[in-house]
Q: 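I'd like to ask some things about the structure below.
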There are 2 protein chains.
Amino acid sequence: MSDRIGNYKDLVMSAEEAAQFVNHGDVVGISGFTGAGYPKALPTAIAEKAKAAHEKGEEFQIDLYSGASTAPDCDGVLAEANALRFRSPYNSDPILRNKANAGEILYQDIHLSHSGQQVEEGFNGDFQVAIIEVVRILEDGNIIPSSAVGNNLEYIEAADKIILEVNSWQSENLEGMHDIYRIEKLPNRQPIPITKVEDRIGETFIELPSEKVVAVVETNAPDRNAPFRAPDEVSEKIAQNFIHFLEGEVEAGRLEYDGFIMQSGVGNVPNAVMAGLLDSKFENIKAYTEVIQDGMLDLIDAGKMTVASATSFALSPEYADKMNENADRYKESIILRPQQISNHPEVIRRVGLISSNGMIEADIYGNINSTNVGGSRIMNGTGGSGDFTRNGYITTFVSPSVAKDGAISAIVPFASHIDHTEHDTMVIITEYGVADLRGLAPRERVERIIAVAHPEYRPMLQDYFDRAMQNKFVHTPHDLDTAFEFQRNFAEYGDMRGEQK
Amino acid sequence: MSDRIGNYKDLVMSAEEAAQFVNHGDVVGISGFTGAGYPKALPTAIAEKAKAAHEKGEEFQIDLYSGASTAPDCDGVLAEANALRFRSPYNSDPILRNKANAGEILYQDIHLSHSGQQVEEGFNGDFQVAIIEVVRILEDGNIIPSSAVGNNLEYIEAADKIILEVNSWQSENLEGMHDIYRIEKLPNRQPIPITKVEDRIGETFIELPSEKVVAVVETNAPDRNAPFRAPDEVSEKIAQNFIHFLEGEVEAGRLEYDGFIMQSGVGNVPNAVMAGLLDSKFENIKAYTEVIQDGMLDLIDAGKMTVASATSFALSPEYADKMNENADRYKESIILRPQQISNHPEVIRRVGLISSNGMIEADIYGNINSTNVGGSRIMNGTGGSGDFTRNGYITTFVSPSVAKDGAISAIVPFASHIDHTEHDTMVIITEYGVADLRGLAPRERVERIIAVAHPEYRPMLQDYFDRAMQNKFVHTPHDLDTAFEFQRNFAEYGDMRGEQK
């Protein structure tokens, strides 16, 4: 038996035994954010229990809440087993996604800063079970969370029963990296006392109501750590444009090379940006963001980044090993916070960061679709992009101008789903350049946005705008008859340009 | 000469003389928010100067920034004279609106909490002139703002030259009602030290860089104070539904009758809600909002409201007189703050308020159009609705189910412009009931939203949803071919139901 399980030794059992505490109709809150820190054993055990029930003709489905995305051995196995009725606040698992799009699972994606608060407010009803992965249970019964903090506090408080997974794959040296601050209940809270990215304001452990703990399960399994591809030409060009934009801000006196604060979505473009920052004039970079990525470890190792604050890791397998081997060193410059804090509008607006997130499509006025392809088909979810975009000092969206060999344009006449409004989007960056929309009326933005579209789509976009200018009202000129022509072409021909010979 | 003009007596001149300081191409920031506290004399003088220039074949246009909406004798005369190239961040004047929709004026509406900060950040370039209405200039040269604080601090700081309008119509007893707190520059600010609605954290005056003052103009003119109609049957039914919803929240343990904190948009429905609160069980109500309305004075007078915090007034003429006569008494329970503070996400999220705003249309998933009819035609602007909706404890949209004798439905298949996303909307209230969307996946919301649509539109909405469910992907089911059928009917036939015999 592991020496990580503190004084809960009597509660140690197998995942199959622990699954007895999860019943049909339960609302379950789990740890985990962007593939890190999710429970590794219980999901499979619950999925098996569901399959056994279904084989007997019995109902078995749960509602599942997490920090953010998990992994095939969590969302994947549960979705596959038809064990989920409802899922929130974020998912990136392909099986679950397909079932949501097929109408078989209900999925609500919401701003990640809102998700924990809404549970506390009781908007999601009662929670029966919380399943939390930990690095270690302390002798006093409190816990050290693992590679994500997420909504652990909220689910632990909301649930009647708590199941702990002690994962010995996670480095014990993560202890000390977390900063657990419990935000007060509404109304009339006190301010969150973070004024600089590096401020630590809480404890390094989570206090646990020990009377709720019903089971402890031992695991030894890695997080979902997806390898990043080496940056391709397009990603590198986008990254260059992004850094060139930052340099322009310095020239304009709106930014300094010293101490720039970044937020970054996950993926290959952000990693290319971080690789670009390695060779840039920027120094003492700080990150106030959701997830720690490979590029941030490189920036820390190179002495270019002084502190990174987030709620979880999203590392490649190689970098996850590096983290586990060097957690003791990284915790000097990395802070993992509850996602209510990492994504809180109060702190985001206060520190003054520059946000950078991906998108599915932007329309010619700057409305952004981050979630639903063709308006109906969910990809992942809005995640924290709204938290950072609404409250950032400068907010950018970065994307290749086309996908699927040119069949999909990232710039369209009318976004088929809108997650970020024209009031929020300041800058759109593709491999073709930077569309700086700040201080511009809707009509003024069109030329700049079309200029960063793929050349093949520019005439189609210009045609649309010319047609829209025939509208009797041209504040935000649209032609509603053809507004979704791009998306309708894609649905019919598999190509936004229309039928390809 | 008025005794309100402190030590600037040498600078007193007519508005026509003061207009010499405003030149073609200038960027001008003015006081004023929702028809209160805007300059009364300079706009007409600038409009005359523009007309004279135009008659001589010379160019004369300025860019105009305010707190929010002004009045016919400000936005109206300037738009009429073709004296405006660009306007931000809000407008409700019909002449300006028509020119924006005709493509003759560029208009950018943005979140009101962002507007001042973006000026400070330099996103809107250099400002040449600030024109600020004041109640009084103090002997030390500092000023007491009038019935709105708005973005006064930001424009005073940004501008090279300052013109003051001393309006003797405004009660001198407004002195002491303001709470002027200067938010720090980014990055790494301190917290805003408001933890309760009633907290005063600043000075009662605005410190003025006296070297910038170039003119003082005396006026004696009322704010634009539009009379409110007595609540009609529909408004009263909506108000009843709203209050019934609040009572349900109390029963569910999510709210208390004592000390509920409200935010409210402006108009007849909000005034009906406040009339309803007069007779309700709610006590010690507080308002953390943008504007003080008639209904709030009634609640204060009745001892039902203990404090109202805002950035301006939006009163009827009768209530404006009452305010001017009783400002000394009202300032015990009313606080006027800069709009960066009245609308700040940090404070809004911290106090835990229930927001209530109007809308043009909601779609069947809860996306809200607050601004552009038929996607193209601007009405007013998003204003502060996004500040409160994104950050409120519970967020509601209230609207009659139809407009124009039934020709326009407030519930549509797809909102033709989106100012608030499905991730932000919690509750939609019409005279037909309350659609509580909290914790629901998109498909689950449809039935509830259709249930509060006008009965005549429900079959059309259900038909759309049934058609949308034929989509291959049904996470957020849409049929993009017919998504804008309602708005296209309205454009073609003047009726969302289609051609009427």
Q: Is the closest side-chain donor-acceptor distance between Gln108(A) and Glu444(B) under 3.5 Å?
A: no
Q: Report which part of Ala252(B) has an atom under 4.5 Å of a heavy atom belonging to chain A: side chain, backbone, both, or neither.
A: neither
Q: Let me know if Ile378(A) has heavy atoms under 4.5 Å from chain B in its side chain, its backbone, both or neither.
A: both
Q: Which bit of Lys472(B) is near chain A, if near means a heavy-atom gap under 4.5 Å: side chain, backbone, both or neither?
A: backbone
Q: Does any backbone or side-chain atom of Ile105(A) lie under 4.5 Å from a heavy atom of chain B? Answer side chain, backbone, both or neither.
A: backbone
Q: Rounded at 0.5 Å granularity, tell me how far OG in Ser88(B) sits from OH in Tyr65(B).
A: 5.5 Å
Q: Once you measure the plane-to-plane angle for Tyr107(A) and His475(B), does it fall in the parallel (<30°), tilted (30-60°) or perpendicular (>60°) bin?
A: tilted
Q: Is there a donor-acceptor contact under 3.5 Å linking the side chains of Glu361(B) and Gln487(B)?
A: yes
Q: Between Arg350(B), Glu485(B), His111(B), Arg377(B), which has the largest tally of heavy atom pairs under 4.5 Å with chain A?
A: Arg350(B)
Q: Checking Arg438(A) against Phe123(B): charged group under 6.0 Å from the ring centre and within 45 degrees of the axis?
A: yes
Q: Are side-chain heavy atoms of Ser113(A) and Pro345(A) found at a separation under 4.5 Å?
A: yes
Q: Answer yes or no: is there a donor N or O on one side and an acceptor on the other, between the side chain of Arg189(A) and the main chain of Ile183(A), under 3.5 Å?
A: no
Q: Which bit of Asn372(A) comes within less than 4.5 Å of chain B, counting heavy atoms only: side chain, backbone, both or neither?
A: side chain
Q: One thing to verify: whether Arg349(A) and Glu346(B) come together as a salt bridge, which I'm taking to mean a side-chain N less than 4.0 angstrom from a carboxylate O.
A: no
Q: Looking at Gly375(B), Ala491(B), Gly253(B), Ala483(B), which one has more heavy-atom pairs under 4.5 Å with chain A than the rest?
A: Gly375(B)
Q: How many angstroms lie between atom CZ of Phe260(B) and atom CD1 of Ile285(B), to the nearest 0.5 angstrom?
A: 6.0 Å
Q: Calculate, to the nearest 0.5 Å, the distance between atoms CG and CG belonging to Asp199(A) and Asn188(B) respectively.
A: 8.5 Å
Q: Is it true that Arg488(A) and Glu492(A) make a salt bridge, defined as a side-chain N closer than 4.0 Å to a carboxylate O?
A: no
Q: Determine whether Tyr393(A) and Leu353(A) make a side-chain contact, defined as any pair of heavy atoms from C-beta on separated by less than 4.5 Å.
A: no
Q: Side chain, backbone, both or neither: which part of Ala102(B) has a non-hydrogen atom closer than 4.5 Å to chain A?
A: backbone
Q: For Phe86(A), is it the side chain, the backbone, both, or neither that has a heavy atom closer than 4.5 Å to a heavy atom of chain B?
A: side chain
Q: What heavy-atom pair brings Val197(B) and Ala287(B) nearest, and what distance separates the two atoms?
A: CG1-O, 3.4 Å
Q: Can you tell which part of Arg87(B) gets under 4.5 Å to a heavy atom of chain A, answering side chain, backbone, both or neither?
A: neither
Q: Taking C-beta and beyond as the side chain, do Val427(A) and Thr395(A) meet within less than 4.5 Å on heavy atoms?
A: no
Q: Kindly compute the distance separating CG (Asn380(A)) from OG1 (Thr371(A)), expressed to the nearest 0.5 Å.
A: 9.5 Å
Q: Against chain B, label Gln118(A) side chain, backbone, both or neither, depending on which of its atoms sit under 4.5 Å from a heavy atom there.
A: side chain
Q: Closest approach of Pro191(A) and Ile192(B), non-hydrogen atoms and distance?
A: CG-O, 4.3 Å
Q: Report which part of Leu440(B) has an atom under 4.5 Å of a heavy atom belonging to chain A: side chain, backbone, both, or neither.
A: backbone
Q: How about CD on Glu256(B), more than 12 heavy atoms from neighbouring residues, nucleotides or ligands closer than 6.0 Å, or not?
A: no
Q: Looking only at non-hydrogen atoms, find the nearest pair between Ala79(A) and Leu84(A) and report the distance.
A: N-CD1, 4.1 Å
Q: With a 4.5 Å heavy-atom cut-off (strictly below), which parts of residues 412-426 of chain A touch chain B? List them by number.
A: Phe414(A), Ala415(A), Ser416(A), His417(A), Ile418(A), Asp419(A), His420(A), Thr421(A), Glu422(A), His423(A), Asp424(A), Met426(A)
Q: So if I take each residue of residues 381-391 of chain A and look for any heavy atom under 4.5 Å from a heavy atom in chain B, which residues do I end up with?
A: Thr382(A), Gly386(A), Asp387(A), Arg390(A), Asn391(A)
Q: Examine distances only and state if a side-chain atom of Asn343(B) and a backbone atom of Gln340(B) form a donor-acceptor pair shorter than 3.5 Å.
A: no
Q: Is it the side chain or the backbone of Asp63(A) that comes within 4.5 Å of chain B heavy atoms, both, or neither?
A: neither
Q: Salt bridge (charged side-chain N to carboxylate O under 4.0 Å, His left out) with Arg443(B): which residues, sequence neighbours excluded?
A: none
Q: Check whether any side-chain heavy atom of Pro477(B) sits under 4.5 Å from a side-chain heavy atom of Tyr365(B), and report yes or no.
A: yes
Q: Considering heavy atoms only, which positions within residues 464-471 of chain A lie below 4.5 Å of chain B?
A: Asn471(A)
Q: Check whether Asp109(B) gets within reach of chain A through its side chain, its backbone, both or neither, counting any heavy atom under 4.5 Å.
A: both
Q: Considering only heavy atoms, which portion of Gln117(A) lies under 4.5 Å from any heavy atom of chain B: side chain, backbone, both, or neither?
A: side chain
Q: By a 4.5 Å heavy-atom criterion (distance strictly below it), what part of His114(A) contacts chain B: side chain, backbone, both, or neither?
A: both
